[in-house]
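Reviewing the structure listed below.
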Amino acid sequence: MPSIFTRIVAGEVPCHRVYEDEHVIAFLDIAPLSRGHVLVVPKEERERLHELSPQSAEALGRALRAVAAAVVKATGCADYNVLQNNGTAAHQAVMHVHFHVIPKEPGGAGLGLKWDAGTAGPGAAELAERIRAAITPA
Ligand code: 5GP
């Protein structure tokens with residue numbers, strides 16, 4: 001069954017579209033955290049970011065930059081968060097890749113963050129090496 005975002009791409013479900021090209025669509029979030037909260041979505045239906053084709057990921061990066069600039073200009077809100085969730089434990093509700101662009105109003109609406117930072121610790125060098133070894137070129 002197609003995702004709700006694939007149905008939006010197909011025109012079966014309405015949206016307030018702000019951007020579209022061959023690979024990407026962007027539209028207002030139906031339940032915004034702040035005014036101008038936009039979702040930037042690849043037309044390629046994949047659940048997680050790392051499953052996208054390089055072509056789709058490249059187009060998404062370009063669109064994300066253009067949409068973020070437009071949101072800043074249109075809302076007058078200079079500060080914003082970009083959020084991208086992968087998997088239910090990471091708060092993903094719609095299982096089709098999407099980036100949130102969420103204006104952060106000074107002291108007001110937008111993304112709330114709880115950031116329980118740890119310390120890098122003695123295993124950091126080994127961990128970095130394991131990740132380096134796992135990288136496959138884009
Ligand atoms: P997630 O938690 O998966 O990162 O966020 C999914 C987002 O999709 C939520 O912010 C939710 O409001 C938005 N959303 C879900 N269904 C629809 C829809 O039918 N139309 C629009 N415009 N946004 C949707």
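Excluded from the calculations below are hydrogen atoms, water molecules and symmetry mates; all remaining heavy atoms, backbone and side chain alike, are included. Remember, it's 1-based here, ligands and their atoms both numbered in the order they're listed. Worth saying up front: this structure is predicted, and the values here are computed from it rather than measured.
- By the salt bridge (charged side-chain N to carboxylate O under 4.0 Å, His left out) test, Glu129 is found to be paired with Arg132, residues two or more places apart in sequence or in another chain being considered.
- Proximity of a side-chain donor or acceptor of Asn81 to a complementary backbone N or O of Leu83 within less than 3.5 Å is not detected.
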Can I get a per-line list of side-chain donor-acceptor pairs under 3.5 Å for residues 56-74, giving both atom names and the distance, sequence neighbours left out?
unit_1, atom_1, unit_2, atom_2, d
Ser56, OG, Glu44, OE1, 3.1

Considering only N or O atoms, set out every pair between ligand 1 and the protein closer than 3.5 Å, with distances to one decimal place.
unit_1, atom_1, unit_2, atom_2, d
ligand 1, 2 (O), His91, O, 2.8
ligand 1, 2 (O), Ala93, N, 3.3
ligand 1, 3 (O), Ala93, N, 2.6
ligand 1, 3 (O), Val94, N, 2.9
ligand 1, 3 (O), His98, NE2, 3.0
ligand 1, 4 (O), Asn85, ND2, 3.0
ligand 1, 4 (O), His98, NE2, 2.8
ligand 1, 4 (O), His100, NE2, 2.8
ligand 1, 5 (O), His98, NE2, 3.2
ligand 1, 5 (O), His100, NE2, 3.3
ligand 1, 10 (O), Asp29, OD1, 3.2
ligand 1, 10 (O), Asp29, OD2, 2.5
ligand 1, 12 (O), Asp29, OD1, 2.5
ligand 1, 22 (N), Leu28, O, 2.9
ligand 1, 22 (N), Ile30, N, 3.4
ligand 1, 23 (N), Ile30, N, 3.3

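- Of the charged side-chain nitrogens involved, at least one lies within less than 4.0 Å of a carboxylate oxygen, so that Arg7 and Glu12 count as a salt-bridged pair.
- When the salt bridge (charged side-chain N to carboxylate O under 4.0 Å, His left out) test is applied to Lys104, no partner is found at least two apart in sequence or on another chain.
- In this structure, the ring of Phe27 has its center less than 6.0 angstrom from the ring center of Phe5.
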